[in-house]
Amino acid sequence: MADFDDDPLARAIARPPAPSAPPRYLEGLNPAQREAVEAVDGPVLVLAGAGTGKTRVLTTRLAHILATKRAWPGQILCVTFTNKAAREMKERIGHLIGGVVEGMQWLGTFHAIGAKILRRHAELVGLKSNFTILDDDDQERLLKQVIQAANIDDKRWTARHLRALIDRWKNRAQAPSEVPAGESHAFANGKGAEMYAAYQERLKALNAVDFGDLLVLTIQIFKAAPDILADYRRRFVYLLVDEYQDTNVAQYLWLKLLAGERHNICCVGDDDQSIYGWRGAEVDNILRFEKDFPGARIIRLEQNYRSTPHILGAASGLIAANEARLGKTLFTKRGEGEKVTLSGFWDGEEEARSIADDIEAAQRAGEGLSDMAILVRASFQMREFEERFLNLGIPYRVIGGPRFYERQEIRDALAYFRLIVQGDDDLAFERIVNKPKRGIGDVAQQAIHKAARAAGVSLLRASFALIETDEMAAKARSGLRRLVESFARWRANLETQSHTELAAIVLEESGLIEQLQNDRSPEAAGRLENLKELVRSMEEFENLPGFLEHVSLVMAVEQNETDDKVTLMTLHGAKGLEFDRVFLPGWEEGLFPHQRALDESGLAGLEEERRLAYVGITRAKRLAHISYATNRRTHGLWQTAIPSRFVEEIPDAHVERRETDLGAAQTYDGGRWATGMYESSYSSPGWRRAQANAASGRAVNRAPLIEVSAELIATNDPSATLVQRGERVFHDKFGYGRVAQVDGNKLVVDFETSGEKRVIAQFVKRT
DNA sequence: ACCCCCCGAATTTTT
DNA sequence: TTCGGGGGGT
């Protein structure tokens with residue numbers, strides 16, 4: 001409550017304004033922001049450019065709805081993508097509505113809210129309300145079983161591949177029966193949909209769901225039970241959606257169902273910051289908003305409070321090259337500032353060295369390390385910087401490494417907990433049945449599986465029966481008996497014992513702790529520490545199921561980072577953040593824009609990469625430094641690259657070019673960059689191995705030749721396309737194939753080895 | 001049950 | 001190059 005004193009919004013709400021004066025919380029908003037706050041009824045799309053005060057608008061809008069008594073906190077549905085965003089909103093709202101309400105019950109991520117709804121109506125889709133939410137590791141292991149059960153070669157058709165397909169279908173809310181035949185064909189000669197169906201069956205049997213199901217199944221429920229849907233529609237008087245440009249089809253359908261006739265929906269987003277197309281986000285959702293919600297108001301927030309004019313100018317100039325956008329013009333009242341710098345380096349090492357030097361110089365000049373960030377396209381780029389930082393002793397932090405709950409020892413512990421809460425969780429059982437070793441090898445595990453299948457029960461249940469028979473070797477049987485009896489005991493204590501106590505006992509009695517104590521490897525101590533941390537982190541939860549729900553939905557553990565360190569992260573990870581000084585290394589063709597984005601998604605892929613560049617530049621408050629290296633080692637081979645086309649797209653007025661003379665490896669002929677690749681003469685072990693491979697006649701795993709031209713992708717001129725339908729072509733990556741379709745410079749080619757792919761015409765050669 | 005070697009893959013990542 | 005998974009040998 002003390003916070004009320006520091007928070008003008010909270011104060012304003014606690015003390016209602018005089019009738020005539022506008023409420024205090026509207027003070028200090030610019031006209032567009034104020035409009036977005038006050039337009040509470042009917043559909044509204046707030047196009048919030050980078051740094052335009054989006055979060056402030058969102059929270060103030062909520063405050064406004066509450067202060068004007070249009071709805072109670074529990075009648076507002078407010079969805080975000082990440083837990084971080086949800087947490088931030090909750091904190092700010094918490095101040096506003098104080099101790100009156102615990103918090104907003106329906107403020108959370110799509111998945112958390114989906115899970116909440118699904119648990120209430122689980123029986124309608126054949127689940128129990130204590131269902132497990134699988135992470136992608138479990139998901140993949142389960143898929144592998146499904147693939148093997150169908151006698152499909154799981155080398156040729158990997159679980160990973162199938163998972164990607166199923167994710168895609170679920171992102172579009174497609175049930176197995178709705179999978180387009182062509183896409184089903186993408187797996188094991190048409191078995192895709194069949195595998196998907198089998199997987200869903202297995203999930204049901206395990207009383208488990210995956211992330212996609214949290215939305216797909218709730219949509220199913222809404223459609224099958226109109227009374228339930230009507231209930232939620234009545235409850236949710238106002239809907240608020242953050243980062244709307246990141247929604248996928250399933251999320252869109254889910255929102256549309258919940259918005260109902262009333263359409264009091266407000267979506268906030270920025271089409272120019274849509275960078276998650278590859279995981280199903282549909283920019284179209286935001287581009288199409290007016291059609292979806294007739295009479296929608298579109299409000300643009302264009303005044304930027306973050307960056308200098310040069311930074312905004314650079315970013316705006318770049319993003320203007322995109323076709324598919326609603327269009328905004330950011331402006332600022334801040335003073336000039338410095339131009340964005342552009343530097344070229346001989347290789348990645350030199351680039352890292354120079355950036356590290358700049359960081360040290362800036363630090364000496366009084367800048368804080370935590371005000372600086374290096375934003376890379378791909379995480380392998382981080383290594384060079386880490387090495388350099390370690391060398392120089394510059395403190396740094398990497399954001400986005402392997403996360404706490406993904407560590408092996410944590411997963412093992414969690415599998416024990418899951419099995420206590422939900423005995424049907426066979427995946428958890430398989431994980432820990434012989435971990436730590438208790439003599440239950442392959443043979444014994446096969447026997448358990450067989451018994452479970454025969455009786456149609458879970459592995460744990462089957463094990464209970466099995467230890468009473470003599471179908472298993474004595475050693476395995478006694479090991480299994482001890483395990484199974486432990487579970488019986490733990491489960492019996494679930495209700496009576498505190499969950500942290502229980503957890504500590506489980507870790508001890510299972511032997512996990514002992515195993516690590518006996519482990520002499522250097523990592524063991526850290527792992528023990530992690531387990532302790534795990535138990536500690538359970539304290540803030542009410543019970544074990546509550547904790548597990550948190551774990552499956554929030555894969556990260558909170559870390560309070562107040563130390564003065566340079567931040568190293570990917571561009572994707574940087575969205576929503578800001579730094580005083582930002583370094584953007586690796587702006588090279590093939591790396592950024594990434595070759596795969598171009599190969600797989602053509603123009604759309606290029607535009608998404610460009611948005612990523614835009615996100616990168618707009619993270620900077622005061623200084624942005626772009627750089628590229630002419631030579632870079634990837635997968636053990638040296639490759640030569642040319643500067644990213646994005647470099648050229650930034651208006652000269654906003655850039656200071658510091659490129660030195662390193663043009664030797666590049667040529668520029670009339671709008672077309674040519675690149676080559678050469679192998680180094682390094683006498684590294686890998687190089688020797690490659691030579692040996694070549695000598696022995698084996699194919700060398702060599703990266704595809706990068707050949708890009710600066711203008712080609714943007715063209716829509718059909719005459720630019722040299723190949724015709726039906727022609728036989730060669731592609732560096734996919735090999736030989738026949739052109740099935742020509743669309744401007746985009747082709748659909750039916751490749752002999754890899755099937756139909758969409759490729760850019762300029763990447764294929766006629767044969 | 002464990003170890004070693006070979007092979008393949010190596011953008012981005014939340015939930 | 002580096003990592004992890006799987007197969008095969010001990």
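The model shown is predicted, which means the values in this text are computed figures rather than measured ones. Chain naming here is simple, since letters A, B, ... match the order of the sequence lines and numbering starts at 1 in each.
Using a 4.0 Å heavy-atom criterion, one finds that A:Asp246 contacts no nucleic acid atom at all. Within 4.0 Å (heavy atoms only), A:Asn434 reaches sugar-phosphate atoms of the nucleic acid but no base atom.
Judged by distance alone, the side chain of A:Arg527 and the main-chain N or O of A:Glu409 form no donor-acceptor pair under 3.5 Å. Side-chain N or O atoms of A:Asn434 include one that pairs as donor or acceptor with a backbone N or O of A:Ile440 at under 3.5 Å.
Nucleotide B:dG8 holds its P atom 18 Å from the NE2 atom of A:His161, rounded to whole Å. For the pair A:Lys170 NZ and B:dT14 C1', the computed distance is 16 Å after rounding to whole Å. In this structure, the CG atom of A:Asn248 is 16 Å from the P atom of B:dT14, given to the nearest Å. Put simply, CG on A:Asp242 is 13 Å from P on B:dT15, counting in whole angstrom units. Distance CZ (A:Arg611) to P (B:dT12): 19 Å, rounded to an integer number of Å. Taking atom NE2 on A:His550 and atom P on B:dT15, their separation rounds to 11 Å, with Å as the unit. Distance, A:Lys116 NZ to B:dT15 P: 17 Å, rounded to whole Å. Rounded to whole Å, the distance from CG on A:Leu118 to P on B:dT15 is 19 Å.
Minimum atom distance to the side chain of A:Leu553 is reached by B:dT15, of the listed B:dT11, B:dT13, B:dT15. Each of B:dT13, C:dG7, B:dT15 was ranked by its minimum atom distance to the side chain of A:Lys155; first place goes to C:dG7. With distances taken from any side-chain atom of A:His635 to the nucleotides B:dT13, B:dC2, C:dT1, the minimum falls on C:dT1. Which of B:dT13, B:dT15, B:dA1 sits closest to the side chain of A:Thr82 comes down to B:dT15. If you check B:dT12, B:dC2, B:dT15 against the side chain of A:Thr570, the one that comes closest is B:dT12.
Using a 4.0 Å cutoff on non-hydrogen atoms, the parts of residues 378-387 of chain A near DNA chain B are A:Ala378, A:Ser379, ordered by number. For residues 208-221 of chain A, proximity to DNA chain B is found at A:Phe211, defined as any non-hydrogen atom under 4.0 angstrom from a strand atom.
Not one side-chain nitrogen or oxygen of A:Ser552 sits closer than 4.0 Å to the OP1 or OP2 atom of B:dT15.
With hydrogens and angles left out, the side-chain atoms of A:Asp599 and A:Gln595 include a donor and acceptor closer than 3.5 Å.
The side-chain tip of A:Arg411 does not point at the ring of A:Tyr405 from less than 6.0 angstrom away and within 45° of straight on.
Here A:Trp278 and A:Tyr276 bring their ring centres to under 6.0 angstrom of each other.
Taking the six-membered ring for Trp and thresholds of 30 and 60 degrees, A:Phe592 and A:Phe646 have ring planes more than 60 degrees apart, a perpendicular arrangement.
The ring of A:His572 does not lie on top of the base of B:dT12; it is either too far (5.5 Å or more) or too tilted (30° or more). Look at A:Trp278 and the base of B:dT12; the rings stack, centres closer than 5.5 Å and planes less than 30° apart.
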Requested in this report: Please lay out, stage by stage, how A:Glu588 and A:Ser644 fare under the test side-chain hydrogen bond (donor to acceptor under 3.5 Å, both in side chains).
Outcome: CA-CA 4 Å; A:Glu588 294 128 39; A:Ser644 169; over 6 Å; no

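When each of A:Leu612 and A:Asp442 is assigned the nucleotide of DNA chain B with its nearest heavy atom, A:Asp442 is the one assigned upstream, toward the 5' end.
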